[in-house]
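The structure presented is a predicted model; accordingly, all values stated were derived computationally and were not measured. Just so we're on the same page: letters track the sequence lines, and every chain starts at 1.
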Amino acid sequence: MADRDAVPYDPQSVERKWQQRWEERGTNHANLAGASHPFYNLMMFPYPSAEGLHVGNVFAFVGADIQGRFRRLKGADVFEPLGFDAFGIHSENFALKVGTHPAELIPRNIERFRGQLKRIGLMADWRYEVQTTDPRYYKWTQWIFLQLYRAGLAVKRRAAVNWCPACKTVLANEQVINGFCERHPDVKVEQRMLDQWFFTITPYAQRLLDHLETADWSHSTRTIQANWIGRSDGAELVFETPGGKRITVFTTRPDTLFGATYLVLAPEHPLVEGLTTAERRADVNAYRRRVAAMDLVSRKVGDKTKTGEFTGSYARNPATGESVPIWIADYVLMEYGTGAIMAVPGHDERDFEFATAMKLPIVRVVAGPGQDASTPLAAAEADIPDGRIVNSPGYDGMPWAEAKRAITAALAAKNLGKPVVNYRLHDWCISRQRYWGPPIPIIYCDGCGTVPVPEKDLPVVLPALEDFRPDDSGVSPLARLESWYRVPCPKCGKTARRETDVSDTFLDSAWYFLRYPSADRDDVAFDAGLTRKWLPVASYIGGNEHAVLHLMYSRFVTMALHDLGLVDFEEPFARFRAHGTIVKDGAKMSKSRGNVVNPDAYVDKWGADTFRMYLMFLGPYQDGGDFRDAGISGIRRFLDKVWGLVETHGGSNAQAHGQAGASADLLRMMHRTIQRVTEDTASLAYNTAIAAMMEYVNALRDGEPAGSLVEPLAILLAPYAPHFAEECWERLGHTTSVMDAPWPNFDPALAVAEEVELVVQVNGKVRARLRSPRGTPQEAAVKAALADPSVLKFTAGAAPKKVVFVPDRLVNI
RNA sequence: GCCCGGGUGGCGAAAUGGCAAACGCAGGGGACUUAAAAUCCCCAGGGGGCAACCCCGUGCGGGUUCAAGUCCCGCCCCGGGCACCA
């Protein structure tokens with residue numbers, strides 16, 4: 001059949017040829033305005049680091065690209081944009097380290113990244129590229145800020161930051177190592193209070209949580225988000241002092257109220273001042289000062305030894321009527337609940353430790369089976385299965401869950417309590433006392449106060465600043481550039497001052513998916529019509545490392561814009577799947593570990609298609625795995641085999657040979673393969689989709705295939721090895737792109753075999769296999785099974801006691 | 001500590017409660033070759049047997065079932081998230 005000389009598969013020339021063709025033909029372009037079946041295929045845009053693209057990026061993008069190509073072949077109009085997330089402390093620190101300005105560095109990095117991404121063969125529509133550092137982009141980031149400000153969701157508030165006295169600058173939490181500065185290992189990091197901008201995300205907590213239940217998202221991602229939101233149901237209860245002060249505590253265990261033997265307030269609690277007695281004042285003040293100086297990280301995760309001071313005052317336990325001492329301790333945090341707790345040392349581990357250290361009374365109020373009111377407590381017993389209330393007159397014997405409601409209700413009746421829900425989620429601080437970010441578009445005027453920059457004056461361009469090193473002013477380096485921050489007030493015209501902090505990088509990425517379809521527009525952030533047409537995003541694939549911040553903030557911004565009437569959906573991502581992590585030698589790839597794998601060398605040696613498929617074949621896409629290059633040759637061998645099949649059965653032969661020449665078995669296998677590849681590709685089971693194609697190719701080579709059996713293979717391969725598939729498609733006699741071919745259909749009836757192998761078990765053990773026609777009825781199957789010599793050996797001719805028959809599968813005797 | 005995942009050949013991995021190990025890598029044997037590479041064919045969980053075959057096997061211990069890698073209970077180990085959150 002093959003008259004031509006065999007041309008070996010040369011990935012380099014094939015890939016060069018098709019990348020050029022795609023560009024010339026606009027193969028990857030989406031018709032945004034005219035699409036009839038829009039499918040927005042999104043992948044998390046990269047931070048263009050100086051090291052260039054790494055294997056983890058390729059793994060992520062290829063997996064997403066396969067979805068995009070697959071949906072396109074299935075008939076959708078796919079829009080697959082890409083961009084670069086290049087603002088932020090990461091870029092800034094790197095720039096400081098190498099002594100090159102980020103404005104110079106970033107475009108170079110982007111250039112390199114774009115080149116690498118193109119070589120991978122993504123179906124990206126580069127006409128809609130976005131760069132967060134481009135004033136044409138961040139103009140609209142600032143606009144988003146103004147919309148949230150308008151909605152009352154952006155507020156300025158005093159908040160603590162980490163401060164390194166040696167660097168004289170604000171540190172991010174990750175720059176604080178065990179309470180010390182990462183650059184000055186012997187300098188203790190302190191806490192400083194600064195005025196900062198916050199987005200009030202907390203009122204959205206319940207909505208953000210509720211939508212997770214129905215979201216088509218990875219299970220792991222939903223769990224992580226739900227934990228981060230951290231809903232807990234409890235009650236606020238009031239303890240009164242003899243002086244008439246009401247101390248409100250939050251507890252999730254109101255049922256243990258009778259065991260509350262003391263109160264603890266956060267050292268910063270506003271009531272502490274008034275509660276402290278004269279003789280305790282010196283100690284209390286010293287303790288409060290010590291805690292105030294502590295850096296934010298140590299306060300929460302540092303040494304957990306319990307410390308605290310007695311205020312000298314007492315309050316009345318509303319259940320027992322007893323007087324309980326009021327303490328302060330750093331283990332109680334001002335930002336959670338009411339900043340005050342009732343301590344139940346018998347049933348809370350921290351309270352137990354504190355009570356033991358301070359010699360405070362410990363009382364049992366819950367007893368499990370086999371315990372009673374007097375069973376001693378050697379440690380806190382927090383979760384007692386089947387626990388019942390004891391030592392609590394009026395509630396004794398009650399299951400604790402029931403007592404929770406009963407005690408809360410009883411206190412509510414006396415105006416001393418109510419059920420309350422708390423969330424761990426904190427408001428989002430977006431102020432950064434840094435240079436490399438979009439300036440927050442606010443102007444402060446002595447007369448008019450806080451004035452938002454009028455939208456017509458956007459963007460507030462980040463000025464070129466030669467020395468952008470942070471300094472000891474506690475504000476952004478922009479505060480050094482008087483010519484920039486001195487501006488007339490937009491309201492009254494008098495001299496005013498710009499906000500000199502820039503916004504958090506996470507704000508840049510919290511709305512970029514809205515920007516892509518309108519990336520070519522300068523008059524709007526996002527066009528209403530295009531947004532309605534293309535959003536919410538149909539498929540979003542990215543790493544779980546962004547499960548918390550990026551995804552949460554994107555959802556919040558979208559909800560806020562929805563509430564402002566600017567978009568008509570509340571959730572930005574209809575479907576989200578987290579890909580796994582590619583590690584190397586069991587560890588995350590990082591430059592400091594020296595285990596970063598650069599994809600270029602692999603693309604050079606094997607070609608993008610082989611490399612793409614290899615990464616997808618490593619293991620389940622949603623699990624990731626350890627990168628080893630052993631085995632990459634297996635993929636290449638597979639592609640060579642396909643190449644050979646195309647060579648032999650392609651060209652004019654493809655059409656000439658009808659399916660007449662195809663054996664029934666091979667035809668069935670083709671349908672079965674199409675079914676498996678279709679289902680597995682849709683569910684991101686790329687490794688098994690590839691395995692199915694391999695099995696098919698092996699079968700074609702063992703049999704006598706017709707060209708019509710080879711053709712569908714080129715289309716099935718297109719999402720995985722796009723250049724290769726194009727070349728095969730052309731060699732099969734087609735003149736248009738394989739990406740414009742229709743995904744092959746399978747006939748479920750043809751995909752199943754006519755003859756099946758029936759497994760015969762005796763007492764649950766496999767003893768024989770019978771070939772029998774599909775649909776063999778029970779009587780016939782059992783008869784055949786009993787007649788089988790190897791079955792006879794075990795039944796010894798005896799009549800079966802019981803028979804289990806699963807049609808077309810097995811007979812168990 | 002709490003909340004998610006996961007644990008299967010030498011390795012990466014497959015398996016609607018119904019033939020454990022598909023597919024691939026590495027390995028062994030053979031063909032082709034002066035030779036090697038490439039390619040092609042065969043073997044390949046462990047143990048026993050001359051053999052047909054038999055026994056054992058999915059982290060550990062129990063259980064449900066005609067039948068369990070898969071479901072239930074209790075442990076162990078690994079990965080991830082949260083963590084002084086009351």
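Look at A:His219 and you won't find any side-chain N or O under 4.0 angstrom from OP1 or OP2 of B:C4. At B:G80, none of the side-chain N or O atoms of A:Asn544 fall inside 4.0 Å of OP1 or OP2 (strictly under the cut-off). For A:Arg637 and B:A38, the shortest distance from a side-chain N or O to OP1 or OP2 is not below 4.0 Å. Checking the phosphate oxygens (OP1, OP2) of B:C40, a side-chain nitrogen or oxygen of A:Arg701 falls inside 4.0 Å. OP1 or OP2 of B:A86 lies within a sub-4.0 Å distance of a side-chain N or O belonging to A:Arg424.
Applying a 4.0 Å cut-off to non-hydrogen atoms, the residues of residues 223-237 of chain A that approach RNA chain B are A:Thr223, A:Ile224, A:Asn227, A:Trp228, A:Ser232, listed by residue number.
With salt bridges taken as basic N to acidic carboxylate O contacts below 4.0 Å, none links A:Asp640 and A:Arg637. Between A:Asp255 and A:Arg405 no salt bridge is recorded (no basic side-chain N to carboxylate O distance below 4.0 Å). A salt bridge does not link A:Arg288 to A:Glu309: none of the charged nitrogens lies less than 4.0 Å from a carboxylate oxygen.
A donor N or O paired with an acceptor N or O is found under 3.5 Å between the base of B:G18 and the side-chain atoms of A:Gln761.
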For RNA chain B, produce a single dot-bracket line, 5' to 3'. Pairs: Watson-Crick or G-U wobble, both distances under 3.5 Å. Symbols: ( ) within strand, [ ] crossing, | other strand, . unpaired. (((((((..(((.....[....))).(((((.......))))).((((....))))..(((((..]....))))))))))))....

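Every residue two or more places apart in sequence or in another chain that forms a side-chain contact (heavy atoms from CB on, under 4.5 Å) with A:Thr408 is listed here: A:Ala235, A:Pro254, A:Pro419.
Contact annotation for A:Asn698: backbone-only contact, meaning every heavy-atom pair under 4.0 Å involves sugar-phosphate atoms and none involves a base.
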